Every structure is written in structure tokens, then in C-alpha cells.
Amino acid sequence: MGVMYSSTRNADVKYRASEAILKGLADDGGLFVPDSIPALDVSMEDLAKMSYQETAYEVMKLFLSDFTEEELKSCIEKAYDSKFDTPEIAPLVSADGAYYLELFHGSTIAFKDMALSILPYLLTTSAKKNQVKNDIVILTATSGDTGKAALAGFADVPGTKIIVFYPKNGVSPIQEKQMVTQKGDNTFVVGIHGNFDQAQTGVKQMFNDKNLAKQLGDAGFQFSSANSINIGRLVPQVVYYVYAYAKMYANGVIAKDEKINVVVPTGNFGNILAAFYAKNMGVPIAKLICASNENKVLFDFFRTGTYDRNRDFILTSSPSMDILISSNLERLIYRIAGNDAAKNAELMKSLSTTGKYEITPEMKALLDDFYGNYTSEQETADVISDLYEKTGYIIDTHTAVAAGVYHKYKEETKDTQTKTVIASTASPFKFTRSVMDAIDKKYDSMSDFELVDELSRIGNVAVPQAIEDIRSAAVVHDTVCEVDEMPDVVKKFLGV
């Protein structure tokens, strides 16, 4: 039978992996979760000898058990190819006592490529398996990186269309340029007057709008999601934590069964949840260190047991983490509630009506695997500058949030011995102005692309192709709308 999926708000109905991937979001607004987290069935000695693609198969076959070996290997082969600028796909770099897992070597230079390179193939394979005749319309909200990675993944994929909403003044200039220059007859990018949480809420409302679903269905379309709420996004993310551990073991950095810490800069909670799943599959992970920027709703949650989004939304230099509603946290809440869908649904209802919820002391006790902290804007800049001064290694703002929190973790816990992997989630070239300002204020007068060339020079790293591609690219998408106009914009694009 293999792993089956159910909603975090109703555990009674079971779905196969391909059905859960196609739906994206459950009908009741919940997220799909596996009925159990499967244990790795291959030894670390064997994993240590495997390529990224081989590791991906060993991990994903356990979660996507209704895919044939041929189907899954085909998806993996098409995803992890020359789109990545290194054969390792996700290399580890040792710097200043930590191991940076570089997740930005794909076509849009952010970690979202790791999952969004494969999601189009998982979706189209799932559609065939379930005899879907409609075109799949990918509907996504982005805080900066998901949008471009999804657009690049789905551009001109037959049988699909993709619509991306982003906060008009809430992403970096490079992130926006990457999205609005995206080619492909099936792509559509829309700026909204609002923040990411409003974009994400608008998208969720469209998913739950039965009238809209009927109108689209009559016109030959159906929605699916490329956000990290889709289980087809989450499962591929588990792979790189397994791969990182296996590579550290293969390189003699860690002994057999030695535990490591993992630090993840966290916004929507999907990336650190994937590390939690890897730990539960049997990867020897000690602490899962959850790093927040000044939008520190998760830090407060781990300290107090109360999740409260009733606070000011702060625009920071790490915009992909400027989030107050961490959607994927629901999957963890469901688990620590003892897989009690009714209890979870009650908490999520409280979040939507009052903006907050409180977990029980028993649930909070089950969060011992996690440590949460945050870095301020100044601390983030200081981390970039200090690491560059010490080592010459340049990291982006999101990775710097993680590195800053790791320093705080070591100070607070005195745990300085455990080898630690920091998820490096974006190339510094994606946030050149913030990065170069942190290194030296003298760079402030340079244009965006002058900064790119200067970063390449001082960091002794080549300018990524993704940046070269947008130097002179024409703007293709210039639609901007209000939050309440989002459904009308979708219908207009689809000709409904």
C-alpha cells in the first residue's frame, strides 16, 4: 500500500501521493501529511557513495509510493540536470566552523529550485496517472524566490499554466526583475498592493472558492499549487538533508551515527520541516535550529507556545522570510497534537479568527528538537561583514540570519562541539545591494549591475547565469492589482 496522505484537518479521507500532489491543498483548507514518516531503507555507507540523483530516488520512492521506479527516475533525471551549475547539485562549503549547504546552484539561484525543478514533472506525471484531462493552473503567492523558481520550472510545460502573485514593493529588485522578465506563453506574473501574507491568503481563498472552481472546470482548467504547502514541494526538500549528512560522512567530517545540528533561515516553515522529516527518517540530527529575521513570530512561538501574528509586518533585507503566517507549521502542529485533526483544525480556526493560538504544555514538550532565535537587521549585516573579513566567503542576507542565530545558539547552549550544517538558501548575487552594503557602505552609490560585477570581483566567484540573463531582458509582465481583484485577474488571464 505504501505511504498515504490525509488532511491536517480531517484524517478520515486518504489520498495517494499523486492525488495529494495534484490537489495541492486539501478541500477543507488543510495540508496533506503522510500517514507515517518512512524510515530510510538504505545504509548511510551506501548513501555516502551516491550521487544527488541517486539519493533523491532513495528518499522520494518512500514518500511517493504510487509512482513507478521508471516514472520517479524520469522526473529526477529531468529535474537535476545541467540547469544546475555544479554536478554535486548541493555542495557543502566549510567556513568559520560551520558547513554551508549551498542550495542555490539551480537556474534561479535560490533553494526553491531544489524542489521546483522537479515539481512540474511530478505534477504532469500525477495528472497522467489520474486521467486528468483539464489543464493544470499553478496558482502561487511568493515572497520573492518561489515565484521565479516556479515560473522557470513550469514555463512552456504542456498542459500547465502558471500565475504568480507577489507583493509589489516587498521583494528585491533582482527578484522582481527575474519574475517580470520571465518568458513562456503559459506564464503570468502579477504584483499586488499588499504584503506576502495578503497574497498567500488571497491564493488560499481562490483554492477554497467552489464557484470559481466550477467556472474553471467548465472552461477546462483546475488549480494546483507550487507553494511549499504542496507535498510535492516538501518531499524533494527532504533529500538535501539526507545528502548533506551522507556527504559529511563520506568525507570523514563525521563518524558513523554522529549527530549534527541543522540551521535553517525560516519563513513559511517548509524548509526546516523537511529537515525534521529527514531526522524522523533516521538521519542523525540533534537540534533543528529555526532562524528568524525581525518578523520573529516563530521565535516567539518556540519560546512561549503561543503563535501570534497580531504584530507589525516588517520589511527587511531578507524578504523571503518577511512572513507572519508560517503555513507549513500546521503540519508540525498536527503531529505534536498526536495527529489529532480536530484539535489542529480548532487551533487553525483560532488563527484565522483571532490571529493567534496557544498549544498545550504537552504539545510544547514535543518541540524539544527545535531551538528558535532571530537576528536584527544590524546583526544580519554584521554577520555578512565578519564572515567576509575572516574567510573571504560571501553569503546572502537569509543565510546570514541563519549564521547569526547559530552564533546565538552556541552562546546560549555552550554546544560548540556538534558539527553544524547551515542551509544557505540564496546566492548573494540575488541580494547584492544589501550584501555589499553590509561589507562596505562605499558601494551604496553603485547601480545594481555594477554591484553584481563588484561582488564577483571581491568574492572571486563567477556571476551566475541567472543574473547575466536579466541584465538586458525586456519586461514581459507589468500587471498590478489590489488584493480583492486577484480572482478577476486570474479569470481574465485564463479567458474565463
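Worth saying up front: this structure is predicted, and the values here are computed from it rather than measured. Reckoned from all heavy atoms, side chains included, excluding hydrogens, waters and symmetry mates.
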Flag side-chain contact, heavy atom, 4.5 Å: [X] against [Y]:
X: Cys75; Y: Thr125; value: yes
X: Phe196; Y: Asp322; value: no
X: Ser51; Y: Tyr80; value: no
X: Glu294; Y: Thr380; value: no
X: Phe84; Y: Met114; value: yes
X: Asn373; Y: Arg303; value: yes
X: Lys287; Y: Thr418; value: no
X: Phe431; Y: Gln175; value: yes

Discussion item. Could you walk me through whether Glu412 and Tyr371 satisfy the side chain to side chain contact (heavy atoms under 4.5 Å, CB included) test, starting with their C-alpha distance in whole Å, then the side-chain angles of each, then the deciding distance to 0.1 Å, before giving a yes or no?
Written reply: CA-CA 11 Å; Glu412 196 177 312; Tyr371 167 91; 2.9 Å; yes
For the atom pair [atom1] ([X]) and [atom2] ([Y]), what is the distance rounded to the nearest 0.5 Å?
X: Ile272; Y: Ile289; atom1: CD1; atom2: CD1; answer: 8.5 Å
X: Leu119; Y: Ile231; atom1: CG; atom2: CD1; answer: 11.5 Å
X: Ser224; Y: Leu22; atom1: OG; atom2: CG; answer: 6.0 Å
X: Leu40; Y: Leu62; atom1: CG; atom2: CG; answer: 6.5 Å
X: Thr425; Y: Leu103; atom1: OG1; atom2: CG; answer: 7.5 Å

Worksheet item: Can you name the residues that form a side-chain contact (heavy atoms from CB on, under 4.5 Å) with Gln417, not counting sequence neighbours?
Response: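 For Gln417 there are no side-chain contact (heavy atoms from CB on, under 4.5 Å) partners, ignoring immediate neighbours.
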Worksheet item: Of Tyr15, Tyr5, Tyr334, which is the lone residue that meets ring-ring contact (aromatic ring centres under 6.0 Å, His included) with Phe32?
Response: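 The option that passes is Tyr15.
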Any salt bridge between [X] and [Y], counting N to O under 4.0 Å?
X: Asp197; Y: Arg309; answer: no
X: Asp28; Y: Arg9; answer: no
X: Glu88; Y: Lys247; answer: no
X: Glu454; Y: Arg457; answer: yes
X: Lys129; Y: Glu71; answer: yes

Side chains of [X] and [Y] only: does a donor on one sit below 3.5 Å from an acceptor on the other?
X: Thr416; Y: Lys410; value: no
X: Tyr241; Y: Asn271; value: yes
X: Asp96; Y: Thr391; value: no
X: Gln182; Y: Lys148; value: yes
X: Thr316; Y: Asn295; value: no
X: Ser7; Y: Asn10; value: no
X: Thr108; Y: Gln178; value: no
X: Ser424; Y: Thr399; value: yes

Given [X], which of [options] fulfils the side-chain contact (heavy atoms from CB on, under 4.5 Å) condition?
X: Cys290; options: Phe276, Tyr374, Phe302; value: Phe302
X: Ile138; options: Ile162, Val164, Asn230, Leu151; value: Ile162
X: Ile394; options: Leu387, Asn460, Ile439; value: Ile439

Discussion item. List the residues meeting ring-ring contact (aromatic ring centres under 6.0 Å, His included) with Tyr243, not counting sequence neighbours, and say none if there are none.
Written reply: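 Tyr243 satisfies ring-ring contact (aromatic ring centres under 6.0 Å, His included) with Tyr52 only.
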Practice prompt. Ignoring hydrogens and angles, tell me if any N or O in the side chain of Ser172 forms a donor-acceptor pair with the backbone of Lys430 under 3.5 Å.
Written response: yes
Are there over 12 heavy-atom neighbours, none belonging to [X], within less than 6.0 Å of that residue's [atom1]?
X: Glu258; atom1: CD; result: yes
X: Lys14; atom1: NZ; result: yes
X: Lys356; atom1: NZ; result: no

Worksheet item: With under 30° as parallel and over 60° as perpendicular, where do the rings of Tyr406 and Tyr409 fit, or are they tilted in between?
Response: parallel
Worksheet item: Between Tyr393 and Tyr100, does the ring centroid distance fall short of 6.0 Å?
Response: yes
Practice prompt. With ring pair (Phe, Tyr, Trp, His ring centres under 6.0 Å) as the test, would you mind laying out the steps for Tyr307 and Tyr357 before giving the verdict?
Written response: CA-CA 5 Å; Tyr307 191 96; Tyr357 60 80; 5.5 Å; yes
Please report the closest heavy-atom contact between [X] and [Y], naming both atoms and the distance.
X: Asp66; Y: Ala17; value: OD1-CB, 3.3 Å
X: Ala274; Y: Gln237; value: CB-CB, 3.5 Å
X: Gly170; Y: Leu315; value: CA-CD2, 4.2 Å

Discussion item. Between Asp386 and Glu389, does the side chain to side chain contact (heavy atoms under 4.5 Å, CB included) criterion hold? Intermediate values first, please.
Written reply: CA-CA 5 Å; Asp386 293 348; Glu389 291 298 327; 5.6 Å; no
Worksheet entry | Test applied, side chain to side chain donor-acceptor pair (under 3.5 Å); reference residue, Arg335; option that passes from Asn344, Thr8, Asn280 | Asn280
Worksheet entry | Partner residues of Asp81 under the salt bridge (charged side-chain N to carboxylate O under 4.0 Å, His left out) criterion, sequence neighbours left out | Lys83
